[in-house]
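Worksheet: one structure, shown below.
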Number of protein chains: 2
Amino acid sequence: MPINTADNKDKSSRDQRHQASGSTLIDVAKVAGVSPITVSRALNRPEVVSDQTLEKVRRAVAEVGYIPNMLAGGLASKQSKLVAVFVPTIAHSLFSDMVQALMDQLGEAGYQSILGITGYSVEKEESLLGAILGRRPDAIVLTGTEHSALTRQRLASSGIPVVEAWDLCDDPIDILVGFSHRAVGKAVASHLLEKGYRRFAVVSVSDARAVKRNEALVNELNAQGVTDVRQVTFPAPATLKEGREGLSQLWSQEARPEVIVCSSDTIAQGVLAEAAARGLKIPEDIAVMGFGDMSSAAQLYPALSSVRLDGARVGALIASALLQRLQNRDDDRTPVRIDTGFELIDRVSA
Amino acid sequence: MPINTADNKDKSSRDQRHQASGSTLIDVAKVAGVSPITVSRALNRPEVVSDQTLEKVRRAVAEVGYIPNMLAGGLASKQSKLVAVFVPTIAHSLFSDMVQALMDQLGEAGYQSILGITGYSVEKEESLLGAILGRRPDAIVLTGTEHSALTRQRLASSGIPVVEAWDLCDDPIDILVGFSHRAVGKAVASHLLEKGYRRFAVVSVSDARAVKRNEALVNELNAQGVTDVRQVTFPAPATLKEGREGLSQLWSQEARPEVIVCSSDTIAQGVLAEAAARGLKIPEDIAVMGFGDMSSAAQLYPALSSVRLDGARVGALIASALLQRLQNRDDDRTPVRIDTGFELIDRVSA
DNA sequence: ATAACTTATGGTTGCGCAATCATCTGTATG
DNA sequence: CATACAGATGATTGCGCAACCATAAGTTAT
């Protein structure tokens, strides 16, 4: 039993700022009858310690309820076992799926994650990064490829692995895991043209990657002789409301579109709801194309055509790339650039 | 041997495994022409340093690009400025809203958050807690009031503030911020009875709090003479699919219900989708009651009746309660128990 | 039998910082 | 004019751990 611990707690809780969970390597070492450093090894590199000693240490750890102090360990070893992850929001399934998968896989390798929610703002990203770098994370995951100058400078001088996710570009900071938003825009345009649509509209939020997709979409449409693409844009984040509002705006004008391309499934869902409210038939009166293929897209009625992206897979790919980099302590600067691709999903709505 | 130490440092900076982001308080102090401890004070308690010195230090910090090492700071001060937050998932808006609000407010006070995603499992909660306690968080936020024995023991011996959120109970570990799920169940029953419904069904996931609501609902219905409440239950987490499947199962039986009470808006949305697919009229053929009032509930077609809970508000309340506890360094053990309440939202669907 | 290893363990040191106590200056108090 | 006191700064120490080097005991090769 943790007689010592219980004892300490009772008494120390009154006197000083001694944290209650105060058992240290030394306490464990005393109980186990070995030196502190042997305890450290037993916990961190059990393969170099004899089975017999290992067993003694394990028992002692359980007895005193020892929990290693990672602040001290990190300070001494210069390894925090922390990964900083920056996303615009966790309210969208792509990002929350990615975060969950990433945290899961990193967790299995003994890394914990600290989340920074940037709200689609590079300024917020910059200030969060400043705070989080103080924890000396072992790696950093960012969303997108647009960052402030100070952010870039700090990342460079921190000297740790950096992942940019959800986009591709020509001059990544380090590791890149994403897909081409321009390719998505172009593919959506071709696909819908092929299905015979000619009057297009876009309902979108104004985040950087959505803008890229829209530009590519419009370019391709123009190239195929379709001009006059109406665009309704809202500030991020996207909710159903933007979708309903978007369709309302478009429907109040003459020259109504045949198909609406949405910057996310959430917006598309809003468009579907507004269409239902107006008694419009999908896709006869209005066709709708989403983006993201969130799990509910197939379950909506009518089922939503979309662009499939697998957030969890992106998270897993990031985790593997990072772990490989982190475990090759020798400077393995092999450039990593992963195109996660996308897939057009043709359902009822478009 | 203070001189030696300083000396060593000068020389070791070239020969050893010095991290790239290697500027320290001492470097800043040299540039500023003050002692290291003055730099520390300038950063942490600027009010005790003269304006002139403050300015010198600020310039020096900028010049060397100094970022304080919180591992070292935490080790020395026994304050990590970290809060651990455990939620079942971030894929549901209640939790993601709470997390975002909580992180925001704590961030403003200089605290960062580390997230643990438990997947509705007390075992996962236990193992995550073990790992995260190593970071010596200054506080811990948990979801629900059910925890393993080891979890409880570790929380007690850690001696830090603990918040249990999203539920109420009679023997909280420490701070409690939530609402009564039984009260919700009862209120929903009364409300729907009052609207004249008599044939009830429940589509639910099996998490602890949903089970509580269902029990209370059924109890109240029984008390009012309504028996034979059909329940369809799925394992968490909830998606639209469970809702569609739930309605399908209920519709395949004789004695179809008039109203379906769902354990979340997501499930309710699935029920609505399946109803639309089957051409059922809402609420004439089947009425639907959600839970959570996520932002899209009002935007759905038909608009979803639900139980409003404000995740962001819960997060904010937790943050205030915690910050107050954290800032009163003297053992302020005032019990905190906040009932966040809920509100029935009557829309079209039920 | 000696050298050359290998395996298991311990001693010492310093990571970067804040707590604590000490010092020094200048100003108010009687 | 001496004492007290507040304001500003510095010196020393140790937080808990892992890196590094040293040592002791056993093993194999020659």
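Here is how names work: the chains are called A, B, and so on, in the same order as the sequence lines, proteins then strands, and each is numbered from 1.
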Please report the distance, rounded to the nearest Å, between [atom1] in [X] and [atom2] in [N].
X: I26(B); N: dG14(C); atom1: CD1; atom2: P; value: 12 Å
X: R136(A); N: dG16(C); atom1: CZ; atom2: P; value: 8 Å
X: N69(B); N: dA18(C); atom1: CG; atom2: C1'; value: 13 Å
X: L25(A); N: dC15(D); atom1: CG; atom2: P; value: 13 Å
X: K30(A); N: dG10(C); atom1: NZ; atom2: C1'; value: 16 Å
X: Q52(A); N: dT7(C); atom1: CD; atom2: C1'; value: 14 Å
X: L75(B); N: dG16(D); atom1: CG; atom2: P; value: 7 Å
X: R135(A); N: dC15(C); atom1: CZ; atom2: P; value: 22 Å

Are [X] and [Y] ion-paired here, with the side-chain N under 4.0 Å from a carboxylate O?
X: E55(B); Y: R59(B); value: yes
X: R325(B); Y: D174(B); value: yes
X: D104(A); Y: K124(B); value: yes

Less than 4.0 angstrom between a side-chain N/O of [X] and OP1 or OP2 of [N], yes or no?
X: T53(A); N: dA8(C); result: no
X: S77(B); N: dA18(C); result: no
X: K78(B); N: dG16(D); result: yes
X: S50(B); N: dA8(D); result: no
X: T24(A); N: dG16(D); result: no

- Just checking P36(A): base, sugar-phosphate only, or nothing, at a heavy-atom cut-off of under 4.0 Å? nothing
- Item | From V83(A), L155(A), T151(A), residue fulfilling side chain to side chain contact (heavy atoms under 4.5 Å, CB included) relative to I140(A) | L155(A)
- Task: Tell me which of A72(A) and V34(B) sits closer to the 5' end of DNA chain D, going by the nucleotide each one is nearest to.
- Result: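 Between the two, 5'-proximity favours V34(B).
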- Query: Of all heavy-atom pairs between L106(B) and S113(B), which one has the smallest distance, and what is that distance?
  - Reply: CD1-OG, 3.9 Å
- Query: Ignoring hydrogens and geometry, is there a side-chain-to-backbone donor-acceptor pair from S77(A) to G73(A) under 3.5 Å?
  - Reply: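 Yes; at least one donor-acceptor contact below 3.5 Å.
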- Query: Going by heavy atoms closer than 4.0 Å, what residues in residues 40-49 of chain B are next to DNA chain C?
  - Reply: S40(B), N44(B)
- Please check if atom CD in E146(B) has more than 12 non-hydrogen atoms from other residues, nucleotides or ligands closer than 6.0 Å. no
